[in-house]
Amino acid sequence: GDSVTQTEGQVALSEEDFLTIHCNYSASGYPTLFWYVQYPGEGPQLLFRASRDKEKGSSRGFEATYDKGTTSFHLRKASVQESDSAVYYCALRVNYGNEKITFGAGTKLTIKP
Amino acid sequence: GGIITQTPKFLIGQEGQKLTLKCQQNFNHDTMYWYRQDSGKGLRLIYYSITENDLQKGDLSEGYDASREKKSSFSLTVTSAQKNEMAVFLCASSISGPTGQLYFGEGSKLTVL
């Protein structure tokens with residue numbers, strides 16, 4: 001079946017540090033990849049998505065590039081802020097006819113001021 | 001814009017009790033989902049529905065029933081609550097198709113005494 005692996009369960013950084021959260025996937029079809037962010041007390045919300053090989057998604061200074069060769073969609077940000085503290089989820093969705101969406105285990109990001 | 005409304009926000013039950021969570025959406029989306037969120041395990045799919053009166057099992061459907069009697073609503077029943085169980089249940093909706101993003105509610109927190 002389809003799966004998403006996020007390597008980091010928790011990440012602790014200081015403001016202005018560089019962030020990388022790793023996401024690798026396994027899918028039967030040609031998936032669309034997503035990053036969602038969840039703040040305390042809220043449901044997850046879309047950060048951005050990418051549907052094609054080498055496509056870059058970006059939002060709020062975060063970015064990730066869809067790499068079919070390495071089956072990866074790593075999340076990066078050059079300079080994190082305290083307000084970026086949240087849980088980040090990588091997810092995938094495959095072809096028409098299968099509405100199932102698979103999430104990774106999530107990465108809790110804590111930014112120290 | 002639209003909104004996903006989950007009720008109740010907090011639910012406390014007794015061991016063995018049948019408990020029901022409700023979800024309403026006004027996006028006019030075809031597809032709706034129930035996910036369970038446990039710390040360190042990400043979002044696990046319980047049930048989803050691609051249209052009114054349709055039900056599809058997810059990876060964690062055992063111990064749960066679901067119902068989609070109207071396009072705008074999707075309910076989830078815990079058939080027999082487990083002692084000391086604690087989890088957040090998230091409802092979401094989406095347009096059909098591989099690029100559609102999920103829109104989530106704020107979650108319903110279940111505590112079983």
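This is a predicted model, so every value here is computed, not measured. Lettering of chains follows the sequences in order, A, B, ..., and the numbering in each one begins at 1.
- Of the two parts of B/I4, neither the backbone nor the side chain holds a non-hydrogen atom closer than 4.5 Å to a non-hydrogen atom of chain A.
- Note that CG of B/L43 and OH of A/Y36 are 10.0 Å apart. Values are rounded to the nearest 0.5 Å.
- Nearest heavy-atom pair, B/G100 versus A/R93, reported as atom, atom and distance to 0.1 Å: O-NH1, 2.7 Å.
- Atom CG of B/L102 sits about 5.0 Å away from atom CZ of A/F103, to the nearest 0.5 Å.
- In the hydrophobic clustering of ILVMFWY residues, with side-chain heavy atoms under 4.5 Å counting as a link, B/M32 and B/L76 come out together.
- Hydrophobic cluster membership differs between A/F34 and A/L47, with clusters built from Ile, Leu, Val, Met, Phe, Trp and Tyr side chains linked at under 4.5 angstrom.
- Here the NZ-NZ distance, from A/K100 to B/K57, works out to 12.5 Å after rounding to the nearest 0.5 Å.
- Chain B forms more heavy-atom pairs under 4.5 Å with one residue of A/Q45, A/R49, A/E42 than with any other, namely A/R49.
- With hydrophobic clusters built from ILVMFWY side chains whose heavy atoms lie under 4.5 angstrom apart, B/V88 does not share a cluster with B/L60.
- Looking at B/Q56, there are no atoms closer than 4.5 Å to chain A (heavy atoms on both sides), in backbone or side chain.
- Shortest non-hydrogen contact noted between B/L90 and A/P44 is CD1-CD, 3.9 Å.
- Residue A/Q10: no heavy atom, backbone or side chain, is found under 4.5 Å from chain B.
- Within a 6.0 Å radius of NZ in A/K54, more than 12 heavy atoms belonging to other residues, nucleotides or ligands are found.
- When the side chains of ILVMFWY residues are joined at heavy-atom separations under 4.5 Å, either directly or via intervening members, A/L92 and A/I101 end up in two distinct hydrophobic clusters.
- When the side chains of ILVMFWY residues are joined at heavy-atom separations under 4.5 Å, either directly or via intervening members, B/Y64 and B/F74 end up in a single hydrophobic cluster.
- When each of B/K109, B/Q6, B/Q101, B/K9 is checked for heavy-atom pairs under 4.5 Å with chain A, B/Q101 comes out on top.
- B/Y35 touches chain A through its side chain: at least one heavy atom from C-beta onward sits under 4.5 Å away, while N, CA, C and O do not.
- For the atom pair OG1 (B/T51) and CD (A/E99), the distance works out to 11.0 Å, reported to the nearest 0.5 Å.
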